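In what follows, every heavy atom counts, from backbone to side chain, and hydrogens, waters and symmetry copies are set aside. On a predicted model such as this, the values are computed, not experimentally measured, just so you know.
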Amino acid sequence: MLEKTFDFTTREKEIYDHWDDSGAFKCGQRPNADPFTIILPPPNVTGNLHIGHALNHTLQDVLIRWHRMRGRDVLWQPGMDHAGIATQMVVERQLDEGNIRRHDMGRQGFIDRVWEWKEESGGMIFNQMRRLGQSCDWSRQKFTMDDGFATAVLKKFVDLYNDGLIFRAKRLVNWDPHFCTAISDLEVEQREVNGNYWHFKYPVGGEEGRFLTVATTRPETMLGDVAVAVHPDDDRYKDLIGKTLTLPLVGRKMIVVADEHADPEKGSGAVKITPAHDFDDHQVGKRHDLENINIFDEHARLNDNVPAKYRGMDRFEARKLIVADMDALGLLDKVEPTVHMVPYGDRSGVVIEPWLTDQWYVDAETLAKPAIEAVEKGKTKFVPKTWEKTYFEWMRNIEPWCVSRQLWWGHQIPAWYGPDGEIFVAENETDAQKLADVHYGEIKEIVRDEDVLDTWFSSALWPNATLGWPEKTPELERYYKSDVLVTGFDIIFFWVARMMMDGLYFMDGEVPFETVYVHALVRDENGAKMSKSKGNVIDPLELADKYGADALRITLAAMEAQGRDIKMSDKRVEGYRNFGTKLWNAAKFCEMNDCFSSDRDFNPQSANQTINKWIIGEAEKAAALVTKSLEAFRYNDAAAAVYQFTWGTFCDWYIELIKPQFFDNAEEAKETRKTAAWVMDMILKMLHPFMPFVTEELWQNSADKRETDLILATWPEYDANNVDENAANEINWLIQLISDIRTARAEMNVPAAAKVNMLVSGADDITKEALKAQNDVLCRLARLEDIATLAGDPPRGAISVVVGEATYYLPLSGVIDIEAEKARLAKSLEKLEKEIASVAGRLANENFVSKAHPQVIEDNKQGLEEAKAKAEKTKEALQRLASMN
RNA sequence: GGGCGGUUAGCUCAGUGGUAGAGCACUACGUUGACAUCGUAGGGGUCACUAGUUCGAACCUAGUACCGCCCACCA
């Protein structure tokens with residue numbers, strides 16, 4: 001016996017464990033089947049499941065479960081990312097609490113500590129994923145710091161280096177003074193900030209009292225100024241070009257250079273040049289062979305290259321002091337408030353400093369070329385397609401990628417330096433030493449680069465390294481490339497683009513995935529981005545606790561329409577929880593009426609009754625729609641199709657229509673029991689990818705024995721032989737008639753409990769047959785006492801309903817309000833006449849008739865005829881009422 | 001500055017050329033032996049605006065307004 005409701009709190013876990021124990025998630029069990037692969041975007045080892053994960057994972061699991069049921073050899077490859085900065089941050093914070101400093105532990109000690117942390121607290125997210133029913137192949141779980149991964153990363157670095165695609169260079173980088181590491185362009189976040197233009201006056205050499213005014217948003221960088229640039233065509237300053245200026249506070253002599261970088265329209269038209277601390281100025285400096293004067297240390301405090309007074313100061317403290325000092329000298333022309341963009345580190349949240357350092361770079365431009373071409377040629381497709389533009393835009397303007405990080409947690413760069421700084425890159429120290437020996441002709445000590453690689457350098461290998469690359473494993477052979485990558489747009493650049501580059505470079509030009517499905521971002525119910533600081537974070541696990549994982553899953557899928565963000569709210573989940581309850585109750589109905597023990601080998605084509613033929617056909621159509629929608633990644637359509645069929649068709653109509661058979665325990669109920677059981681199975685199957693738990697539970701409980709669990713059951717592929725259009729026509733007519741009678745009754749305030757007689761007039765033979773066949777259900781659902789053919793005039797005080805060619809009279813024992821009935825019919829007539837006028841007008845339009853699709857014209861003609869007939873009948877009914885006065 | 005997306009019922013959103021839809025909310029009524037986490041019925045929309053293309057436009061084109069996101073080295 002099914003309980004009153006599904007006890008998801010205890011059953012979800014049991015069902016999940018059952019699947020897991022049975023090995024249902026494991027790949028490789030169908031060696032003759034086509035593989036279907038999805039690689040899970042590896043969550044950070046520090047990660048906790050947020051609603052974005054819940055969406056991302058659910059969309060993948062829907063595809064995975066669906067293809068598993070379609071018979072594919074499914075691999076959903078899970079794993080975690082070591083997340084360099086994020087993880088180092090977490091562990092350092094823990095150490096802080098114990099008053100331990102990272103540097104006191106030493107590098108190896110710290111790394112050991114991180115591994116310890118990983119073993120204890122890492123990967124909590126996987127347990128959370130299990131709770132939501134995600135069916136990854138956990139036996140193949142990977143980590144980007146695994147030994148195998150390390151091998152892959154080393155090979156990648158060495159190969160790219162040897163091919164000239166990785167190089168070391170001294171350049172301006174985005175320096176994070178909090179973490180004391182370089183970061184890539186992508187990790188810099190431009191924020192709008194209220195600031196000032198400080199206008200400084202620089203004295204012109206040899207011309208007492210003459211000044212050149214420059215404006216800056218960063219006064220502290222003036223200590224590193226080496227020049228002022230003016231536009232070569234700017235008449236105001238032409239005579240100053242080549243002249244000398246004195247840098248106040250420092251006393252350095254600087255020159256005025258002509259450079260098109262200076263915009264005459266902006267500020268004073270003269271711009272100070274700080275080549276060591278500004279990306280633009282650096283270019284200007286290169287053009288004019290200017291000195292780079294670095295004024296900051298790694299914490300962005302002023303260093304010894306500035307006057308003693310400022311040394312050791314924080315950059316923002318120095319800013320205040322410098323402004324004050326300039327003001328005191330009378331060299332502060334004015335201060336002008338402005339709003340401008342300031343670069344911040346996305347992890348640290350501190351202002352990024354352009355800083356001149358030696359770093360490792362990947363020649364992304366070269367790697368991007370084939371990756372662009374692959375998408376242009378359609379070898380990889382983005383869905384929705386519009387994201388291809390975003391991808392192209394970035395890839396075509398890509399800059400060298402800084403991949404070295406001054407951190408401890410990560411893959412250490414496999415580069416060694418000789419005593420003179422000569423670089424030796426190899427997969428291990430022995431090989432590097434050999435290179436050095438050859439180079440020097442004698443044995444000299446080499447020292448390994450201290451830095452580690454950007455986390456994305458390794459995660460870019462996720463599609464192939466998880467399968468064993470660079471080894472030529474059978475898994476790599478079988479499951480690479482993957483079929484679909486499901487991801488949010490926020491990591492197209494970070495991750496998708498880089499996997500494309502690596503796949504094409506290292507996998508013989510084979511793309512890592514055929515399709516990239518880019519899904520929505522989940523926002524709160526007001527459309528705001530969720531963040532911890534705003535406190536508007538919706539916890540998916542809380543929702544799962546409250547409404548069940550199934551409800552959360554189908555909500556997310558149903559809200560995933562292409563091309564828009566999702567605004568999440570409890571209300572939506574509640575609605576789908578109700579849907580689960582509805583399904584449960586439908587199953588209970590089946591159980592109570594002995595459908596559960598029915599013959600499961602039922603052949604739907606053996607059904608004789610119209611009602612059964614109809615529901616079988618409708619189930620086929622629904623399944624076809626789900627399949628079609630999923631093939632197009634239209635999750636919302638797929639969820640809506642199964643929801644609508646289950647609730648709106650099966651529950652609202654079919655169950656109601658078959659009740660009389662069951663209650664009378666008629667002979668025909670035998671077939672109907674089998675049909676109901678068959679349709680329930682269809683529902684469970686097509687709903688399973690969305691609501692795996694409750695469907696599996698019902699699957700197990702709705703038959704004496706099942707050959708397989710639902711998770712491995714066969715997906716219903718469309719079978720046209722199961723669709724009977726005649727049956728559909730008859731039941732559609734029946735539904736129309738019942739609905740119209742109900743509406744008329746409600747509008748005429750006929751008490752719901754009142755059973756009335758019905759007299760039929762003008763019915764053709766087909767309708768007469770149908771009326772006879774559907775007599776019982778019609779009476780039941782429309783609350784009719786008896787149905788008879790009208791002989792003679794309709795009785796006084798009857799409501800009339802027109803459906804098709806026939807008119808149906810409901811005589812009420814003299815209590816109807818004739819005026820109200822007249823008004824009701826008049827309203828209906830008015831609507832019909834409006835429609836007739838519109839359609840007739842269209843058909844009278846020569847252009848329409850000559851240019852529209854024949855099918856459209858045919859539909860219009862038919863619609864017109866039907867409307868006319870119905871209007872005629874309605875008019876008759878009205879006249880009859882009028883004559884009664 | 002460049003690019004992308006949005007504007008449809010009170011709310012959240014589907015709907016990409018053929019008579020405007022769903023869920024929630026709202027109103028009325030609840031007869032029924034799966035279900036009140038429910039049933040039946042109902043009200044509610046110049047599809048942001050303007051101009052085009054078309055026999056026909058929520059949908060295609062151009063523009064306008066407002067909102068959001070991404071990218072960008074401008075002092």
For [N], the Watson-Crick or wobble counterpart (both distances under 3.5 Å):
N: G23(B); value: C11(B)
N: U40(B); value: A28(B)
N: A72(B); value: none
N: U16(B); value: none
N: U61(B); value: A51(B)
N: G5(B); value: C67(B)

Worksheet item: Can you name the one residue among His277(A), Glu353(A), His340(A) that meets side-chain hydrogen bond (donor to acceptor under 3.5 Å, both in side chains) with Arg218(A)?
Response: Glu353(A)
Worksheet item: Is there a donor on the side chain of Glu560(A) or the base of A14(B) sitting less than 3.5 Å from an acceptor on the other?
Response: no
Discussion item. For Asp346(A) versus Leu186(A), what's the shortest heavy-atom pair and its separation?
Written reply: OD2-O, 4.3 Å
Worksheet item: If you look at every heavy atom in Asn292(A) and Pro275(A), which pair is closest and at what distance?
Response: OD1-CB, 3.0 Å
[N] and [M]: how far apart are their [atom1] atoms, nearest whole angstrom?
N: U40(B); M: C69(B); atom1: C1'; result: 45 Å
N: C11(B); M: G17(B); atom1: C1'; result: 30 Å
N: C66(B); M: C55(B); atom1: C1'; result: 35 Å
N: C67(B); M: G30(B); atom1: P; result: 49 Å
N: G21(B); M: U46(B); atom1: P; result: 15 Å
N: G23(B); M: A9(B); atom1: C1'; result: 12 Å
N: C60(B); M: U16(B); atom1: P; result: 9 Å
N: U7(B); M: U50(B); atom1: C1'; result: 15 Å

Fill in: Comparing Asp664(A) and Thr390(A) on RNA chain B - which has the more 5′ nearest nucleotide
Asp664(A)
Worksheet item: Of Phe662(A) and Val214(A), whose nearest nucleotide on RNA chain B comes first from the 5' end?
Response: Phe662(A)
Using a heavy-atom cut-off of under 4.0 Å over every strand shown, decide if [X] touches base, sugar-phosphate, or nothing.
X: Phe663(A); result: base
X: Arg780(A); result: sugar-phosphate
X: Ala270(A); result: nothing
X: Glu656(A); result: base
X: Asp281(A); result: nothing
X: Cys590(A); result: nothing
X: Ser838(A); result: nothing
X: Glu393(A); result: nothing

Return the value, rounded to whole Å, for the distance between atom [atom1] of [X] and atom [atom2] of [N].
X: Trp394(A); N: G2(B); atom1: CH2; atom2: P; result: 23 Å
X: Leu556(A); N: A14(B); atom1: CG; atom2: P; result: 15 Å
X: Asn636(A); N: U12(B); atom1: CG; atom2: P; result: 18 Å
X: Glu399(A); N: A72(B); atom1: CD; atom2: P; result: 10 Å
X: Leu583(A); N: A34(B); atom1: CG; atom2: P; result: 16 Å
X: Phe650(A); N: C35(B); atom1: CZ; atom2: C1'; result: 13 Å
X: Phe489(A); N: C69(B); atom1: CZ; atom2: C1'; result: 6 Å
X: Asp490(A); N: G68(B); atom1: CG; atom2: P; result: 20 Å

Response to the item:
By side chain to side chain contact (heavy atoms under 4.5 Å, CB included), Ala639(A) pairs with (sequence neighbours left out) Ile554(A), Ala558(A), Phe690(A)
Fill in: Contact pattern, 5' to 3', of nucleotides 36-47 of chain B - B, S or - by protein heavy atom under 4.0 Å
SBSSSSS-----
Discussion item. Under a 4.0 Å threshold between the charged nitrogen and the carboxylate oxygen, would Lys659(A) count as salt-bridged to Glu656(A)?
Written reply: yes
Response to the item:
Closest to the side chain of Ala753(A), out of U31(B), A34(B), C73(B), is U31(B)
Discussion item. Heavy atoms from C-beta onward define the side chain here; which of A34(B), C24(B), C69(B) lies closest to that of Ala586(A)?
Written reply: A34(B)
Worksheet item: When rounded to the nearest 0.5 angstrom, what distance separates CE in Met680(A) from CG in Leu698(A)?
Response: 5.5 Å
Discussion item. How long is the straight-line distance from CZ of Phe596(A) back to CD of Glu591(A), given to the nearest 0.5 Å?
Written reply: 5.0 Å
Just by distance, no angles: are the side chains of [X] and [Y] close enough, under 3.5 Å, to form a donor-acceptor pair?
X: Glu187(A); Y: Ser184(A); result: yes
X: Asp259(A); Y: His288(A); result: yes
X: His519(A); Y: Glu560(A); result: no
X: Asn578(A); Y: Glu574(A); result: no

Fill in: Beyond-backbone contact of Val271(A) with Asp263(A), side-chain heavy atoms, under 4.5 angstrom
no
Worksheet item: Below 4.0 angstrom from OP1 or OP2 of G15(B), is there any side-chain N or O of Arg634(A)?
Response: yes
Discussion item. A34(B), OP1 or OP2 - any side-chain N/O from Lys659(A) closer than 4.0 Å?
Written reply: yes
Mind listing the N/O atom pairs, protein and nucleotides 54-56 of chain B, below 3.5 Å?
residue: C55(B); atom: OP1; partner: Lys851(A); partner atom: NZ; Å: 2.2
residue: C55(B); atom: O2'; partner: Asn845(A); partner atom: ND2; Å: 3.1

Practice prompt. Evaluate salt bridge (Lys or Arg N to Asp or Glu O under 4.0 Å) for Lys755(A) paired with Glu785(A), printing each intermediate quantity in order.
Written response: CA-CA 5 Å; Lys755(A) 284 199 170 188; Glu785(A) 186 64 46; 5.1 Å; no
